[in-house]
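The figures that follow rest on heavy atoms only: side chains count, while hydrogens, waters and symmetry mates do not. Residue numbering restarts at 1 for every chain, and letters A, B, ... go by the order of the sequence lines.
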Number of protein chains: 2
Amino acid sequence: MAGLFRISEAVSIAFHGMGLLAVRGARMSGHEIANAICVSEAHLLKVFQRLARAGLVHSTRGPGGGFEITEDPRAVTLFRVYEAIEGTAECGVCLLGTTTCPFGRCIFGGETERMEKEFLDYLHRVTLADLSAKDEGGTNA
Amino acid sequence: MAGLFRISEAVSIAFHGMGLLAVRGARMSGHEIANAICVSEAHLLKVFQRLARAGLVHSTRGPGGGFEITEDPRAVTLFRVYEAIEGTAECGVCLLGTTTCPFGRCIFGGETERMEKEFLDYLHRVTLADLSAKDEGGTNA
DNA sequence: CATATTCAGGAATTATGGTACCTTTATTCC
DNA sequence: GGAATAAAGGTACCATAATTCCTGAATATG
Ligand code: FES
Ligand code: FES
């Protein structure tokens with residue numbers, strides 16, 4: 001049940017919701033989105049609230065309202081979505097903070113840093129358009 | 001301040017503490033270890049309690065007591081330390097659970113799974129002895 | 001045997017993340 | 001125009017996990 005990456009349910013909801021919006025290409029209400037991805041509507045709403053504040057989606061109130069992606073999905077990286085929810089993701093030098101270490105240098109010797117960077121690069125590279133492209137049998141970076 | 005990997009402070013303490021014990025090769029009290037790695041003594045004690053229960057260290061009470069590694073450091077992988085603290089670390093198929101997904105297949109297309117596996121492999125590969133070996137030739141506290 | 005030292009275990013506290021509920025805005029239909 | 005309804009915004013609450021604190025038990029020492 002673990003999951004080695006620090007992906008909260010909130011981020012997962014953001015990825016899935018944004019991906020869905022990108023595929024549909026049309027405005028959807030929070031209720032619709034939550035139903036489509038089988039997730040708590042309350043939580044999804046809160047997540048999209050943050051996405052809206054970050055400017056990644058535009059929200060419209062009232063009947064017929066909902067959320068729509070503001071930019072071209074090809075221009076929106078997963079990293080921006082992640083950042084909107086979790087705040088800035090720095091991949092530090094070490095797994096622990098940079099507090100004084102009993103070892104001269106980091107005992108992980110930069111290996112973990114490299115792997116973190118790899119994940120970060122992935123988030124930077126993949127866009128919402130890539131996600132929807134996957135659904136059409138296409139390939140992906 | 002983020003850190004992409006789900007490494008709690010507890011695990012970080014376990015890695016550093018065990019690494020230190022491996023380097024020293026001698027019994028150390030919780031107080032000593034905590035001071036050496038600049039970390040809450042209360043928390044370290046709690047962490048080592050779990051390591052003791054998992055059989056990774058042997059604890060001795062009373063004056064002169066403390067903790068010592070039970071096995072050859074070359075035989076103890078970081079994964080076993082991680083597992084002793086966090087419980088079994090499964091790297092699931094997707095970042096979200098396996099609940100119904102709006103997309104036909106996982107939108108991450110196995111990339112994230114591969115990266116999780118890579119990290120897991122790293123934890124399986126590196127032993128406490130490797131950590132101390134890194135220290136040879138470097139400065140140490 | 002008294003006493004100091006050190007870990008064990010659980011209780012209390014704090015922090016985080018998720019949920020429920022009420023408020024505001026906008027549309028639609030009389 | 002006003003009432004009713006649909007939808008997002010915001011706040012307060014709750015659950016769970018992480019951390020600290022406190023008391024007790026074991027062991028060495030004089
Ligand atoms: S900071 Fe201690 S090992 Fe990296
Ligand atoms: S389960 Fe939905 S994308 Fe992986």
Determine which pairs satisfy salt bridge (charged side-chain N to carboxylate O under 4.0 Å, His left out) with at least one residue from [range], sequence neighbours left out, and list them in order.
range                     : value
residues 75-89 of chain B : B:Glu71-B:Arg80
residues 26-37 of chain B : B:Arg27-B:Glu68
residues 47-63 of chain B : none

Would you mind reading off the distance between [X] atom [atom1] and [N] atom [atom2], rounded to a whole angstrom?
X       : N      : atom1 : atom2 : value
B:Phe48 : C:dA8  : CZ    : P     : 11 Å
A:Glu68 : D:dA7  : CD    : P     : 14 Å
B:His58 : D:dA26 : NE2   : P     : 14 Å
B:Arg50 : C:dA8  : CZ    : C1'   : 14 Å
B:Leu44 : C:dC7  : CG    : P     : 9 Å
A:His31 : D:dA8  : NE2   : P     : 10 Å
B:Glu41 : C:dT6  : CD    : P     : 10 Å
A:Ile13 : C:dG17 : CD1   : C1'   : 11 Å

* Asked: Does the side chain of A:Arg53 get closer than 4.0 angstrom to OP1 or OP2 of D:dG9 through an N or O atom?
  ->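 False: A:Arg53 side-chain N/O out of range (4.0 Å or more) of D:dG9 OP1/OP2.
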
* Kindly say if B:Gln49 contacts the phosphate of C:dC7, meaning a side-chain N or O under 4.0 Å from OP1 or OP2. =>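 For C:dC7, neither OP1 nor OP2 has a side-chain N or O of B:Gln49 closer than 4.0 Å.
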
* Summary of protein contacts for nucleotides 16-22 of chain D, nucleotide by nucleotide, where a base hit scores B, a sugar-phosphate-only hit scores S (4.0 Å, heavy atoms) -> ---SB--

* Classify every nucleotide of nucleotides 24-30 of chain C by which part a protein heavy atom approaches to under 4.0 Å, writing B for the base, S for the sugar-phosphate alone and - for neither, in 5'-to-3' order. => BBBB---

* How about A:Thr127 and A:Val76: do any of their side-chain heavy atoms sit closer than 4.5 Å? ->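 A side-chain contact is absent here, since even the closest heavy-atom pair is not under 4.5 Å.
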
I'd like a table of donor-acceptor pairs (distance under 3.5 Å, sequence neighbours excluded) in which one partner is a side-chain atom from residues 36-49 of chain B, with atom names and distances.
residue : atom : partner : partner atom : Å
B:Ser40 : OG   : B:Ala42 : N            : 3.4
B:Ser40 : OG   : B:His43 : N            : 3.0
B:Glu41 : OE1  : B:His31 : ND1          : 2.8

* Considering all heavy atoms of both residues, which atom of B:Leu56 and which atom of B:Ala84 are nearest to each other, and what is their separation? ->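 Answer, listing the atom of B:Leu56 first, then B:Ala84: CD1-CB, 3.9 Å.
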
* Of all residues at least two apart in sequence or in a different chain, which pass the side-chain hydrogen bond (donor to acceptor under 3.5 Å, both in side chains) check with A:Asp72? ->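 Here the qualifying residues are A:Arg74.
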
* List for me each residue that meets ring pair (Phe, Tyr, Trp, His ring centres under 6.0 Å) alongside B:His124, sequence neighbours excluded, and say none if there are none. =>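 B:His124: ring pair (Phe, Tyr, Trp, His ring centres under 6.0 Å) contacts with B:Phe79.
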
* Asked: Parallel under 30°, tilted from 30 to 60°, perpendicular over 60°: which one fits the rings of B:Phe119 and B:Phe5?
  ->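 If you compare the ring of B:Phe119 with that of B:Phe5, the planes turn out parallel.
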
